[in-house]
Amino acid sequence: MHFGPIKKHSSYPCQTVVCIIFCITLFFGCKEKSEPSFTFSTPSQGQNFNVGDEISMQIDVPKDVKVDEIAYLIDNKIIGIFHNNQPILLPTKDQKLGYRMITAIVKHDDQKDTITTNIVLKTNHKPVQLAYKVVNTFPHDTSAYTEGLSYIDGRLLESTGEKRSIKIKMGRLEVWQNPTRNNFSASIFWRRIS
């Protein structure tokens, strides 16, 4: 046990100085040059457009970065290569409906960065509702599992069955009660004829 006043160590101020120097060195030593960050300013991720619209595309470029060129692609097909960051317009009249991936390859300071965004192309045309009228009905074997059905030159061709019972029936609708049947062995199996 220790009795009496505690002796102060003279190394305490020295430890504080060493700790401060270590923290400063660590702070400045770990600071690396950050890579520029590019993003699409337009279009927004998942934005909806109608086919026929023109889509404005532009990249957000950091102020201290000089862009050499930007190549724009839609679904990996090149749209164009541009040497400035002005907004460009993408016509959509010949594009397919659904999700489309837009890619920009930005060349700057002997580097390439690739960024992507998705858009959704929709149609503004409302589907036409078709009218129909039942003009006749014909009997059918309700136990048959129809996998293919074709109407060729006034004859109905139907493939039915499951793995061990495959049949092809052909006949005229008027006399479908007794169509020509072809049974196949269990070793032959296909999904449909049409």
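- Note: T39 OG1 to D113 CG = 11.5 Å, rounded to the nearest 0.5 Å.
- Linking Ile, Leu, Val, Met, Phe, Trp and Tyr whenever their side-chain heavy atoms come within less than 4.5 Å leaves M101 and I74 in two separate clusters.
- Between P87 and T42 the shortest side-chain heavy-atom distance does not fall below 4.5 Å.
- Evaluation of the side chain to side chain donor-acceptor pair (under 3.5 Å) rule for K107 yields E69 as partners, not counting sequence neighbours.
- In terms of hydrophobic clustering, with Ile, Leu, Val, Met, Phe, Trp and Tyr side chains grouped at heavy-atom distances under 4.5 Å, I55 and L97 are assigned to a common cluster.
- Looking only at distances, a side-chain donor or acceptor of S41 sits under 3.5 Å from a matching main-chain atom of Q58.
- The two residues T92 and V51 make their nearest non-hydrogen contact at O-CG1, 3.4 Å.
- Under the 4.5 Å side-chain heavy-atom criterion for grouping Ile, Leu, Val, Met, Phe, Trp and Tyr, I105 is not connected to L90 through any hydrophobic cluster.
- Residue pairs meeting the side chain to side chain donor-acceptor pair (under 3.5 Å) criterion with at least one member in residues 73-88, sequence neighbours excluded, are D75-R100.
- Partners of I88 under the side-chain contact (heavy atoms from CB on, under 4.5 Å) rule, at least two apart in sequence or in another chain, are M57, Y72, F82.
- A distance of 13.0 Å separates OG1 of T103 from CD1 of I70, quoted to the nearest 0.5 Å.
- More than 12 heavy atoms of other residues, nucleotides or ligands sit less than 6.0 Å from atom CG of N136.
- Hydrophobic clustering, with ILVMFWY side chains joined whenever heavy atoms are under 4.5 angstrom apart, groups L121 together with I79.
- In this structure, D53 has no side chain to side chain donor-acceptor pair (under 3.5 Å) partners at least two apart in sequence or on a different chain.
- Apart from V120 itself, the hydrophobic cluster it occupies contains Y99, where clustering links Ile, Leu, Val, Met, Phe, Trp and Tyr at side-chain heavy-atom distances under 4.5 Å.
- Atom-to-atom distance recorded for K112:NZ and D68:CG is 11.5 Å, nearest 0.5 angstrom.
- The stretch residues 115-134 participates, sequence neighbours left out, in these side chain to side chain donor-acceptor pair (under 3.5 Å) pairs: Q45-T117.
- The minimum heavy-atom distance linking A71 with I78 is given by the pair CB-CD1, 4.3 Å.
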